Amino acid sequence: MQKVIKQIQLLDLKAQYQMIKEEIKIAIDEVLESGNYIMGPTVKKFEESLAEYCGVKYAIGVANGTDALLLTLDALEIGPGDEVITTPFTFFASAEVVSQLGATPVFVDIDPDTYNLDVTKLEAAITSKTKAIIPVHIFGQPTDMDEIMEIANKYNLYVVEDACQAIGATYKGKKVGSIGNAGCFSFFPTKNLGGYGDGGIIVTNDEELARKVQILRVHGSYPKYYHSMIGYNSRLDALQAATLQVKLKYIDQWNQKRREKADFYSQSLKGLPIQLPFIKAEREAVYHLYIIQTEYRDELIQYLKENGISSGIYYPVPLHRQEVYADLGYKAGSLPESEKAALGTLALPLYPELTTEDQEHVISVVKEFFARKGN
Ligand SMILES: *Cc1c(COP(=O)(O)O)cnc(C)c1O
């Protein structure tokens, strides 16, 4: 007789929906009844709520997290001939936006403990063409913002935080996204604060930057039909804003659950030949993903799969080794820590609604794998 294997997903979006279903339905219906589907009071209210949550003056909703980065860099007049420094160990969008504007991404290797940009290598990458730095709070762990801001101030560079994976995370008590010139968030459904479709937002204390992005997102026009810039059609839908308004109430609670479950993994997996997440002092991570590293990565993924457990690779190819960036000339081995991480890391199932029973099962399967390996 075939044994029935329980399936455990990396992420279960339906579990969260079941808990807030009634509120979401009411919020959606209110928008549908209002007749205001693009911009309007629902979007404005959410922007104000999010600005308050992040402790900044302005929040500007856009179509997705990629556009949040793109419109911000455009507003800062990043363009051909400019260089923008970022990390190669991130989702492609962090560098893609630089290329879309005709500027050149410059990659700095990562700190192998945190997977965030290694600030000790940052200064060496700065040239007379460098205009901005895009630090990424990868997997939800705040990156070294003090060091980055100090270097940025010294060389007069903009700092645009890619906080797409880190909403609610704090660095020395400040929310990520509120420290640089601007912070960018994504509401892609899998993110910690995810909508039911695409969405994104830019947060800033800079009034001029906020104003410019507000104009850029509506085809560079203000007032309507008077165009002062070549812009974009990039707005946060009222329907998404309404659902995000409901979810924003729960984000701290959900992030707390992620932290508790991450701690449970780390306690339980201690002593195995794997690298566990390392969170630096004075920062609170939000564990967008729970990442471990092992030399047996691919075998472990296979073993988990055979036992009904999904895992994920974030990210299999660091950006400096992507085919499209071959012309930038980064050879294999040029940024060794990010290349090593790309080969050894995997994400285990983690989301606020993950049950203790399911998590214990994941832990026992991981332990079993290493026991069979002779550890
Ligand atoms: C998700 C993500 C983005 C892009 O956000 P979208 O809403 O998918 O456009 C950018 N950077 C990072 C680090 C992300 O995780």
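Whatever order the structure lists them in is the order used to number ligands and atoms, beginning at 1. Quantities reported herein were computed from a predicted structural model and do not represent experimental measurements. Side chains included, hydrogens not; waters and symmetry mates left out as well; all remaining heavy atoms used.
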(message) Going by the rule side-chain hydrogen bond (donor to acceptor under 3.5 Å, both in side chains), which residues pair with Thr120 if we only count those two or more places apart in sequence or in a different chain?
(response) Asp118
(request) Could you tell me which atoms of ligand 1, counted from 1 in the order shown, lie closer than 4.0 angstrom to a heavy atom of Val136? (result) 13 (C)
(request) For Ser94 and ligand 1, answer yes if some heavy atom of the residue is under 4.0 Å from a ligand atom, otherwise no. (result) yes
(request) Over 60° means perpendicular and under 30° means parallel, so classify the ring planes of Phe107 and His320, tilted if in between. (result) tilted
(message) Does ligand 1 come near enough to Cys164 that some N or O of the ligand is less than 3.5 Å from an N or O of the residue?
(response) no
(request) Considering heavy atoms of the protein only, find what lies nearest to atom 9 (O) of ligand 1 and give residue, atom and distance to 0.1 Å. (result) Thr66 OG1, 2.5 Å
(message) Closer than 4.0 Å to some heavy atom of Gly65 - which atoms of ligand 1 meet that?
(response) 5 (O), 6 (P), 7 (O), 9 (O)
(message) Taking the six-membered ring for Trp, are Tyr290 and Phe264 closer than 6.0 Å centroid to centroid?
(response) no
(request) Report the nearest protein non-hydrogen atom to atom 1 (C) of ligand 1: residue, atom name, distance rounded to 0.1 Å. (result) Lys191 NZ, 1.4 Å
(request) With heavy atoms of Thr90 as the reference, note each atom of ligand 1 found under 4.0 Å away. (result) 13 (C)
(message) Just to verify, which of Glu299, Glu368, Glu295 counts as forming a salt bridge (charged side-chain N to carboxylate O under 4.0 Å, His left out) with Lys373?
(response) Glu299
(request) Could you label the plane-to-plane angle of the Tyr115 and Phe139 rings as parallel, tilted or perpendicular, counting under 30° as parallel and over 60° as perpendicular? (result) perpendicular
(request) Kindly confirm or rule out a cation-pi arrangement of Lys191 over Phe185, judged by NZ or CZ under 6.0 Å from the six-membered ring centre and within 45° of its axis? (result) no
(request) Give the atoms of ligand 1, by number and element, whose distance to some non-hydrogen atom of Asn64 is under 4.0 Å. (result) 7 (O), 9 (O)
(request) Give yes or no for whether the N/O distance cutoff of 3.5 Å, strictly under, is met between Gln165 and ligand 1. (result) yes
(request) Would you mind listing which atoms of ligand 1 come within a distance below 4.0 Å of any non-hydrogen atom of Asp162? (result) 10 (C), 11 (N), 12 (C), 13 (C)
(message) Applying salt bridge (charged side-chain N to carboxylate O under 4.0 Å, His left out) as the test, list every pair that has at least one member in residues 239-267; sequence neighbours left out.
(response) Glu23-Lys249, Arg259-Glu284
